[in-house]
Asks: 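Once you've had a glance at the structure underneath, I'll fire off some questions.
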Protein chains: 2
Amino acid sequence: MSDGPEWSIPEVALAVDLAVLTVHDGSLQIMLVKRGIPPYEGVLALPGGFLASTSEDLDHAAARELSEETGLEAKALHLEQLRTYGAPGRDPRQRVITVCYVAFSPRLPTPTAGGDARAAVLVPVEKALRPRTQIAFDHKKIIADAVERTRSKLEYTTLAAAFCAPEFTMTDLRDVYEIVWGEELDPRNFHRKIIGVEGFLVPTGERVSRQPGRPAALYRRGPATVLHPAMLRSRS
Amino acid sequence: MSDGPEWSIPEVALAVDLAVLTVHDGSLQIMLVKRGIPPYEGVLALPGGFLASTSEDLDHAAARELSEETGLEAKALHLEQLRTYGAPGRDPRQRVITVCYVAFSPRLPTPTAGGDARAAVLVPVEKALRPRTQIAFDHKKIIADAVERTRSKLEYTTLAAAFCAPEFTMTDLRDVYEIVWGEELDPRNFHRKIIGVEGFLVPTGERVSRQPGRPAALYRRGPATVLHPAMLRSRS
DNA sequence: CCAAAAGTGTTCACCGTACACCCATGT
DNA sequence: ACATGGGTGTACGGTGAACACTTTTGG
């Protein structure tokens, strides 16, 4: 930390952006808002905003923006820092440094327009990342980073359960893996592997029949956060 | 990104701090500087400093501080973003947000005091992290994060070679693993495993005799950056 | 009865571990 | 000669992949 004289320290605007991900309709989706003012008016962007005051904590700012712009409660979600983006010129108005967070959510309730009345929409990440899709600022790169972080965390943590409702079946959980990874998994080996991870799942003792076929057992999230051994994607 | 009126945006001071790690004298060491002015005058802290201007890129600021405070050339080193620390009150003078970077270096040349004449020293991380050791600001937490990142990256990347001289033996490389992980590895299985990772090592064809015993082959870093399959620490 | 999904058992190939053993040097 | 570290061969146990097979429902 520098000891330079304080009068020479340039001050910059600090923002917090959110990549809120959910699994919905067979695809990994991200919550975006349509910008109401220039620059990038009418273009999709990550929800986020500037620090509310000089004394607001970063994590608190992220939780506040999450609740303001999506109506979701931060304490119910995983919310973790992703990375900080600060290339000069990434915001045409002024120098803006953005600390980005990722959040993982089960069924997002139909997003309500936030306090500033902008529309929040869910967009499949595959669509958001297409070259033809226009995304404001450098947010497409941020989305790509968030998606890669998510794919990677499925391998060695119990994150997948965060995408499921409070009670879920083994197939619900497998669907999360298959959708996020875009890869099919053997249901039988998957079952055995997950059951073998102590503390990942807690059986409720109940069963559900949602299709023809034998009813599936219901589980709740267990206390485990890491996967031992890891659940690896196929090398491709 | 918020569309709030710009006159309401609080500005904060933005700093860049560096966790420069190296393996030396049988331990993982970190470069620290003794602060010359309050707060924490005379206390060890991470090298770093404020953004030089409102238009300076974050990565550039990190590279500049690295060269200014340690004399190391950034282009020769891995330099990657670790995390951003922004708790209010972490700097008693004013609100400071710090974007932290980690760098990995082979033999650090005896660190020369930087432009502002503060002394740079190498400290074993084990010593820096001891409860009794005083470290400025929240830098002890940052050091702990940097060390954990390093330990973890050894598992699935070829990072270990970054701690070695341009030409090194298999034992040099194994020493890095053993020192960073604090764990003994079987030399024979280690050898086979590393050799099996395509692109990790390039044999120079030369041999060195540094102790009694059969001379060891010399290698250079290869183009590979990821380890397939991973080199896992023993579960403990 | 049949299709379909849940879940179990079994086989096989591969990989990490442990370790016996040989190689090549300094002293 | 002998200690020491470099490097190869090999046997064993565990884990993942593939898949046959049983169980239990809806239609």
Side-chain angles (χ1 to χ4, degrees), chain A residues 26 154-156 160 164-165 167-179 181 183-198 200-220 224 226-236, chain B residues 26 154-156 160-161 164-165 167-179 181 183-198 200-220 226-236:
Chain A
L154 287 198
E155 291 198 321
Y156 57 92
C164 296
E167 301 202 339
F168 54 95
T169 66
M170 193 61 81
T171 299
D172 292 335
L173 190 66
R174 181 164 43 84
D175 283 344
V176 170
Y177 274 91
E178 295 189 334
I179 289 167
W181 283 352
E183 179 181 318
E184 296 216 329
L185 300 174
D186 185 302
R188 291 132 336 169
N189 294 333
F190 181 85
H191 179 100
R192 211 187 340 249
K193 175 120 193 176
I194 298 295
I195 289 295
V197 179
E198 201 170 346
F200 193 168
L201 300 187
V202 179
T204 66
E206 313 217 337
R207 300 182 154 268
V208 276
S209 245
R210 296 196 292 223
Q211 300 94 6
R214 177 170 167 177
L218 276 177
Y219 300 92
R220 264 189 276 271
V226 290
L227 241 50
H228 269 316
M231 178 100 186
L232 298 175
R233 286 177 271 187
S234 61
R235 323 263 155 270
S236 51
Chain B
L154 286 197
E155 291 197 320
Y156 56 93
C164 295
E167 301 201 341
F168 53 95
T169 67
M170 193 62 80
T171 300
D172 292 336
L173 189 67
R174 181 164 44 84
D175 283 345
V176 171
Y177 275 92
E178 295 189 335
I179 289 166
W181 283 351
E183 179 181 316
E184 296 216 330
L185 300 175
D186 185 303
R188 295 143 317 178
N189 294 333
F190 182 84
H191 183 278
R192 211 189 338 251
K193 173 123 194 174
I194 297 295
I195 288 295
V197 178
E198 201 171 346
F200 193 168
L201 300 187
V202 178
T204 66
E206 314 217 335
R207 300 180 154 271
V208 275
S209 246
R210 298 196 291 223
Q211 301 96 8
R214 176 170 168 176
L218 274 178
Y219 299 94
R220 264 189 277 271
V226 290
L227 242 50
H228 269 316
M231 179 100 187
L232 298 175
R233 287 177 271 186
S234 61
R235 321 262 154 269
S236 51

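The structure displayed is predicted, hence computed values, not measured ones. Labels below follow one simple rule: chain letters A, B, ... track the order of the sequence lines, proteins then strands, and each chain is numbered from 1.
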Asks: OP1 or OP2 of C/dA6 less than 4.0 angstrom from a side-chain nitrogen or oxygen of A/Thr171, does that happen here?
Replies: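 Indeed, a polar side-chain atom of A/Thr171 lies that close.
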Asks: Quickly work out the A/Glu183 CD to D/dG16 C1' distance and round it to whole Å.
Replies: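 Between C1' of D/dG16 and CD of A/Glu183: 13 Å.
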Asks: Closer than 4.0 Å, any side-chain N/O of B/Arg174 to the OP1 or OP2 of D/dG6?
Replies: yes
Asks: Taking atom P of D/dG6 as reference, at what distance in whole Å does atom CZ of B/Arg188 sit?
Replies: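 Roughly 12 Å, once rounded to whole Å.
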Asks: Starting at atom CZ of A/Arg233, determine the distance to atom P of D/dG16, rounded to an integer number of angstrom.
Replies: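 These atoms are roughly 17 Å apart.
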Asks: May I ask you to evaluate whether B/His191 reaches the phosphate of D/dG6, defined as a side-chain N or O under 4.0 Å from OP1 or OP2?
Replies: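 Checking B/His191 against D/dG6: no side-chain N or O falls below 4.0 Å of OP1 or OP2.
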Asks: Rounded to the nearest 0.5 Å, what's the gap from CD1 on A/Ile194 to CE on A/Met231? Could you check?
Replies: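 Between atom CD1 of A/Ile194 and atom CE of A/Met231 there are 5.0 Å.
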Asks: Quick one: closest heavy-atom pair of A/Thr169 and A/Leu218, and the distance?
Replies: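 In terms of heavy atoms, the two residues are closest at CG2-CD2, 3.9 Å.
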Asks: Can you tell me the distance, in whole Å, between the CD atom of A/Glu206 and the C1' atom of D/dT25?
Replies: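 After rounding, the reported distance stands at 17 Å.
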Asks: Choose from D/dT25, C/dC19, C/dG26 the nucleotide whose nearest atom is closest to any side-chain atom of A/Pro215.
Replies: D/dT25
Asks: In terms of the nearest nucleotide of DNA chain C, which residue is placed more toward the 5' end: B/Arg207 or B/Pro229?
Replies: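 Taking each residue's closest nucleotide, the earlier one in sequence belongs to B/Pro229.
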Asks: Parallel, tilted or perpendicular: which describes the rings of B/Phe168 and B/Tyr219, with under 30° parallel and over 60° perpendicular?
Replies: tilted
Asks: Side chains of A/Trp181 and A/Glu155: closer than 4.5 Å at any heavy-atom pair?
Replies: yes
Asks: Under 4.0 angstrom, heavy atoms only, what part of the nucleic acid is B/Thr169 near: base, sugar-phosphate, or nothing?
Replies: nothing
Asks: Ignoring hydrogens, what is the shortest heavy-atom contact between B/Leu227 and B/Leu154? Give both atom names and the distance.
Replies: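 Distance-wise, the nearest heavy atoms are CD2-O, 4.0 Å.
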Asks: Under 4.0 Å from OP1 or OP2 of D/dT15: is there any side-chain N or O of A/Lys193 that close?
Replies: no
Asks: Where each residue is assigned the nucleotide of DNA chain C containing its nearest heavy atom, which of B/Asn189 and A/Met170 is assigned the position nearer the 5′ end?
Replies: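 This one resolves to A/Met170.
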Asks: Among C/dG26, D/dG6, C/dG7, which is the nearest nucleotide to the side chain of A/Ala217?
Replies: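 The closest nucleotide is C/dG7.
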Asks: At under 4.0 Å between heavy atoms, what does B/Arg192 touch on the DNA or RNA strands: base, sugar-phosphate, or nothing?
Replies: base
Asks: What is the distance, rounded to the nearest whole Å, between atom CD1 of A/Ile194 and atom P of D/dA17?
Replies: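 So the two atoms are 12 Å apart, to the nearest Å.
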Asks: B/Arg214 CZ to C/dA24 P: how many Å, rounded?
Replies: 5 Å
Asks: Check the distance between C/dA4's P and A/Gln211's CD and give it to me in whole angstrom.
Replies: 12 Å
Asks: Round to a whole Å and report the spacing from CD1 of A/Ile195 to P of C/dT8.
Replies: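 About 8 Å, once rounded to whole Å.
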